[in-house]
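Whatever order the structure lists ligands and atoms in, that order sets their numbers, starting from 1.
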Amino acid sequence: MHRITGLNVSQIRKDFPNLHVEVQGKPLVYLDNAATAFKPQTVIDAIAAHYRTETSNVHRGVHFLSEQATARFEQARDKVRDFIRARKSCEIVFTRGTTEAINLVAYSYGRHFLNKGDEIIISEMEHHSNIVPWQILCEEKGCVLKVIPFNDEGELDLEAFKRLVSPRTRFVSVVYISNSLGTINPIRKIIQTAHQCKAPVFIDAAQAVSHHKIDVQELDCDFLAFSGHKLFGPTGVGVLYGKEEFLEKMPPFHGGGDMISSVTFEKTTYNTLPYKFEAGTPHVAGVIGLGAAMDYVQSVGFEDMTAYEKELLDYGTKALSGIAGLRLIGTAKEKAAILSFIVSGIHAHDIGTLVNDEGVAIRTGHHCTQPVMRHFGIPATSRASLAFYNTKEEIDKLVEAVLKTKDVFR
Ligand code: PLP
């Protein structure tokens with residue numbers, strides 16, 4: 001039995017049907033959790049129940065099913081509030097995912113409150129989702145994008161950040177955990193430094209949310225976003241957290257149903273928070289599924305989960321480092337269970353294809369972080385990203401598969 005640091009991993013694995021499929025006639029080894037995570041049966045059941053016997057639209061119906069769906073939908077919002085320790089449920093906006101949440105803030109806050117010459121700071125290790133919306137804004141409004149560099153271990157240069165921050169800094173948006181390097185950034189310090197210059201801070205928690213307990217009040221971030229599908233929940237749903245004082249003064253992002261208070265041809269007034277930012281029919285089943293996913297994660301417990309993932313990370317780091325010609329990309333002291341690597345003389349895509357023949361699923365490419373690849377002067381990495389349902393035996397299979405790949409290319 002895999003029972004380490006309090007987690008009963010064998011038992012946990014039974015909760016995830018997708019872990020038990022075969023690929024190429026071999027048991028699947030799924031190590032692509034940073035791209036999307038598998039869903040426990042409880043999440044699948046919650047979504048199926050909504051479609052099977054509880055289908056209804058929310059907020060605009062008085063019949064039983066609509067009231068029930070609305071109650072479940074709003075319960076999920078309260079669960080998110082508790083999950084990230086927001087002060088109020090009105091600070092939780094449902095979006096399609098992290099990408100939409102960043103676009104929402106860049107569009108609504110950025111276009112309204114930022115002006116020519118204002119500086120926006122991001123980091124060199126951002127996902128494209130946290131680069132492009134700010135670039136679009138800069139082009140439109142004449143703002144200036146500044147970038148915090150990282151060192152060859154993949155750690156942000158905080159001294160450089162302090163030099164970048166000035167009274168011209170009007171917004172800071174950084175990733176909590178890098179999806180291609182695994183670095184856990186010192187976001188508490190970043191937030192404090194930015195706040196000294198009164199710049200609001202957005203935290204991209206797309207990766208962090210499934211590895212760490214998040215407490216937005218303790219962090220004192222002004223915005224934070226994550227996607228349901230990386231938190232063992234459904235695709236197509238995510239969360240934007242924003243401090244009420246910010247959301248309140250921001251104009252709507254999308255116009256349409258649900259986000260209005262009254263509409264006439266002369267003038268439309270907008271709904272209260274959070275509905276002002278939720279135009280149109282939301283992903284009702286997705287939100288309910290996300291609620292079930294958070295219940296599941298909480299039943300496992302972050303403390304045990306984080307400790308177990310650290311064990312997996314240490315094991316995987318040692319095992320992969322033992323392969324001649326393999327170089328780990330991203331060796332920060334503070335790291336989540338993400339192992340990016342290159343092998344000399346073999347393209348990452350070839351590694352991905354050949355380990356797939358052994359049933360091992362990893363991701364290869366630039367991982368939507370082309371500036372990170374440019375930093376290291378490489379086109380791509382192979383990335384194994386682990387979750388609390390992975391095992392050391394699965395890491396062994398990855399190592400065997402990489403060794404086999406090397407044999408093919410010898
Ligand atoms: N930010 C980070 C750090 C990510 O890893 C990802 C997805 O991989 C995103 C943002 C975008 O998330 P989504 O595609 O779910 O919107």
Side-chain angles (χ1 to χ4, degrees), residues 30-39 43 80 84 93-107 122-136 147-148 150 154 156 172-187 190 201-212 214 221 223-241 253 277 282-283 286-287 289-290 293 309 329-330 332 334-340 361-373 375 380-387:
Y30 187 72
L31 304 176
D32 194 18
N33 295 286
T36 202
F38 284 169
K39 326 301 170 198
V43 168
V80 177
I84 60 169
V93 176
F94 288 119
T95 64
R96 283 192 296 139
T98 308
T99 304
E100 190 178 59
I102 299 170
N103 277 278
L104 188 162
V105 175
Y107 185 92
I122 59 171
S123 87
E124 194 187 0
M125 66 172 78
E126 299 309 317
H127 188 280
H128 296 164
S129 294
N130 200 25
I131 302 175
V132 185
W134 303 113
Q135 282 177 326
I136 294 173
V147 181
I148 316 166
F150 63 76
L156 285 184
V172 175
S173 191
V174 283
V175 67
Y176 194 156
I177 293 181
S178 156
N179 63 310
S180 52
L181 300 168
T183 311
I184 305 172
N185 285 318
I187 53 164
I190 291 173
V201 183
F202 189 113
I203 298 298
D204 171 356
Q207 295 298 332
V209 72
S210 59
H211 297 289
H212 274 269
I214 289 177
C221 54
F223 300 96
L224 180 139
F226 65 88
S227 305
H229 68 101
K230 296 188 200 279
L231 184 60
F232 317 99
T235 48
V237 67
V239 167
L240 168 68
Y241 157 79
F253 176 41
F277 292 110
H283 187 358
V287 166
L290 174 59
E309 285 182 11
I329 300 293
E334 296 296 324
K335 252 193 92 169
I338 291 174
L339 291 155
S340 264
I362 58 169
R363 188 146 293 251
T364 58
H366 52 65
H367 317 293
C368 295
T369 56
Q370 285 184 354
V372 171
M373 301 300 123
H375 178 107
T381 72
S382 302
R383 182 189 70 185
S385 51
L386 312 169

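Here R96 pairs with E100 under the side-chain contact (heavy atoms from CB on, under 4.5 Å) rule; sequence neighbours left out. With sequence neighbours excluded, the residues satisfying ring-ring contact (aromatic ring centres under 6.0 Å, His included) with Y30 are F38. For H229, the side-chain contact (heavy atoms from CB on, under 4.5 Å) test picks out T36, K39, S227, T235, with sequence neighbours left out.
H127 and S129 form a side-chain donor-acceptor contact under 3.5 Å, judged by distance and modelled atom types alone.
Within 4.0 Å of ligand 1, protein heavy atoms belong to T98, T99, H127, S129, V175, N179, D204, A206, Q207, S227, H229, K230, listed by chain and number.
Checking side-chain atoms of N185 against main-chain N and O of V175 turns up a donor-acceptor pair under 3.5 Å.
With contacts defined as side-chain heavy-atom distances shorter than 4.5 Å, the pair T98/D204 qualifies.
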